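Structure first, then comments.
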Amino acid sequence: MTTFSRKSSFIILALIISPSVSATRASKFQAKKPCKRMVLYYHDKLFDGTEKDKANATSVTTANASKLSDTNFGMLVVFNDPITIDDKFHSPPVARAQGFYFYDRKDTYTAWFAYTLVFNSSEHKGTLNIMGADLMTEKTRDLSVVGGTGDFFMARGIATFQTDTFQGLYYFRLKMDIKLYECY
Amino acid sequence: MTTFSRKSSFIILALIISPSVSATRASKFQAKKPCKRMVLYYHDKLFDGTEKDKANATSVTTANASKLSDTNFGMLVVFNDPITIDDKFHSPPVARAQGFYFYDRKDTYTAWFAYTLVFNSSEHKGTLNIMGADLMTEKTRDLSVVGGTGDFFMARGIATFQTDTFQGLYYFRLKMDIKLYECY
Amino acid sequence: MTTFSRKSSFIILALIISPSVSATRASKFQAKKPCKRMVLYYHDKLFDGTEKDKANATSVTTANASKLSDTNFGMLVVFNDPITIDDKFHSPPVARAQGFYFYDRKDTYTAWFAYTLVFNSSEHKGTLNIMGADLMTEKTRDLSVVGGTGDFFMARGIATFQTDTFQGLYYFRLKMDIKLYECY
């Protein structure tokens, strides 16, 4: 278990030890250096409605796409997805991602996510709560880590998404680079 | 109205007054002691679709459970639920909880919540915004208080859920232990 | 681009420079003065289901209102709405608001929002993540800015909503006064 040190405490000490450093610069420097970082893979296997998919599926469509466009605008999916440390769907999950996403654009694909990373392993116990836009057409996109519990008590930070692969609508994998900038 | 004092200010003063205390330890100690705490009861009376339930119901199913499992996976409920300081449904509410939850597990019951506690009484005016996983099979589970307004301006903290009772799908009561660790 | 300075750094410097100022008062004073402020207009043009509305519509109903009441309780809308700096729907958008809202009250209209402001202009690149109750019957109401990315890295604050106009269910405009109190 990594020892967490709190950013503002660090800044205070830095100021006391070397008061000639400008507070603004110290803060900006610190902002670039996470107090905790984890690279994780998220696998979403959307239920295709068939009996034989029930064992594998990890998410379900709970509201259908609208007729506004052919880009799934309005389609809402609830998920309970495995999180692995490599890109293999069948690797032992180190966490679950529980939450939802929906598609929200007319002329191309973008989505919006809110979910909890639930850790319950020997390494980490606790949760991280995350929300934000998934601008799927960009190579990487940033969401907000807005809170945490347990080992991640009161954490904040950034979750950077990168599409690792997708197979039509029914399977996609995201690389999630979780960087915490406020740790307790 | 409780006087709020901001944690980091406290830490700074502590460091100035007694600089031999380690910043990390001061921070961890402080983290365990909320600047504000409230124990509240949340009552969810799900609309059963009958005419006579309209007066009592406080929440509605807005998307039905999927066929993936028989654990309500994908069922989404919008609520406007009374919050009381004791466990009586008919006690005068001290706040409303406005938001939604959905069920998100195949083999047992878990849920995910995002909501606002809306206070409008002589004691408190303002809101707290909360999100996180409700791992219903655990005795207690922690969600994140990610923001606040009014009397709870910019607050952050933890909301600990405990199932107090449930009667099938149509009524359940949660004890919510709200602990704020960042107050302004 | 505005230069951001971090609040707690400011407080620390203030304490060091003038240690007779009380920490609590310094914090409260600071709390009232945003480090960044933007007044924006949000336009929601809900799809009415007709072919000719497809070009203009910016949002869709993805779950219908329940039968609990005639106030749209449970109706859930996904949006990708233009954000302008004046109140004209056809002004060039300075951002998009991507997210959802739903109605959640039996006897009058209230709603609940979670969304991302996505900025991609010469002035700002980045996002702000916002959630909270929209108590529509009140003149102004506060939601929480719970995180940010890019130019708004790790920001927190308050988004004050004011209804600017509405035309039945299918068009409404909100004035959003975004005040950030934590900037990096």
Side-chain angles (χ1 to χ4, degrees), chain A residues 3-16 46-51 53-64 76-81 96-100 114-118 120 126-131 144-150 152-156 182-184, chain B residues 7-9 11-12 14-16 19 22-28 30-32 61-69 71-76 100 102-107 110-114 129-135 138 141-147 156-160 179-182:
Chain A
T3 307
F4 288 77
S5 66
R6 203 170 164 272
K7 180 181 53 182
S8 55
S9 304
F10 175 88
I11 297 169
I12 296 159
L13 284 178
L15 280 167
I16 290 169
L46 183 60
F47 184 45
D48 68 10
T50 65
E51 197 61 31
D53 196 42
K54 285 188 175 177
N56 265 338
T58 61
S59 66
V60 293
T61 302
T62 195
N64 290 320
L76 192 153
V77 171
V78 168
F79 59 78
N80 189 325
D81 282 347
R96 305 295 297 190
Q98 299 182 220
F100 70 105
Y115 66 104
T116 303
L117 287 177
V118 180
N120 187 14
T127 69
L128 286 171
N129 291 307
I130 297 169
M131 66 182 265
S144 293
V145 181
V146 297
T149 69
F152 307 104
F153 178 77
M154 295 287 288
R156 294 182 74 232
E182 293 187 7
C183 303
Y184 274 73
Chain B
K7 181 180 52 185
S8 54
S9 305
I11 298 170
I12 296 160
L15 280 166
I16 290 168
S22 117
T24 306
R25 289 195 56 202
S27 164
K28 288 202 168 171
Q30 187 68 7
K32 302 294 180 200
T61 301
T62 194
N64 290 320
S66 73
K67 292 183 167 60
L68 177 56
S69 68
T71 54
N72 297 329
F73 199 133
M75 175 178 163
L76 192 153
F100 70 106
F102 51 78
Y103 292 95
D104 61 2
R105 191 158 161 177
K106 280 200 288 192
D107 52 344
T110 60
W112 195 91
F113 277 72
N129 291 307
I130 297 168
M131 67 181 264
D134 178 12
L135 307 170
E138 307 204 358
R141 48 274 183 190
D142 288 344
L143 288 79
S144 293
V145 181
V146 297
R156 294 183 74 232
I158 303 286
T160 301
K179 290 153 286 187
L180 304 181
Y181 296 97
E182 292 187 8

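In what follows, chains are A, B, ... by sequence order, proteins preceding strands, each numbered from 1. All figures in this text were calculated on a predicted structure; none of them were measured in a lab.
- Here the closest heavy-atom approach between residue B/Ala159 and residue B/Ile130 is recorded as CB-CG2, 4.2 Å.
- Looking only at heavy-atom pairs under 4.5 Å with chain B, the residue among A/Gly126, A/Gly49, A/Ala63, A/Gly148 that has the most is A/Gly148.
- When heavy atoms are compared at a cutoff of 4.5 Å, B/Ser69 does not approach chain A at all.
- Residue-environment remark: NZ (A/Lys54) exceeds the threshold of 12 foreign heavy atoms within 6.0 Å.
- Within the 4.5 angstrom heavy-atom criterion, only side-chain atoms of B/Leu135, from C-beta onward, approach chain A.
- The candidate from A/Phe79, A/Phe47, A/Tyr115 with the greatest count of non-hydrogen atom pairs under 4.5 Å with chain B is A/Phe47.
- Side chains of B/Thr160 and B/Asp142: a donor on one and an acceptor on the other come within 3.5 Å.
- Highest contact tally toward chain B, considering only A/Met131, A/Arg156, A/Arg96, is held by A/Arg156 [criterion: heavy-atom pairs under 4.5 Å].
- The aromatic rings of B/Trp112 and B/Phe100 lie tilted to each other, with the angle between the two planes from 30° to 60°.
- Residues A/Val146 and B/Ser144 fail the side-chain proximity criterion, which asks for heavy atoms closer than 4.5 Å.
- For B/Phe102, the part sitting under 4.5 Å from any heavy atom of chain A is the side chain, from C-beta outward, and nothing else.
- Checked against the 6.0 Å centroid threshold, A/Tyr184 and B/Tyr181 do not count as a close aromatic pair.
- Looking at A/Val118, only its side chain comes within 4.5 Å of chain B, counting heavy atoms on both sides.
- With a threshold of 4.5 angstrom between heavy atoms, A/Ala97 does not approach chain B through any atom at all.
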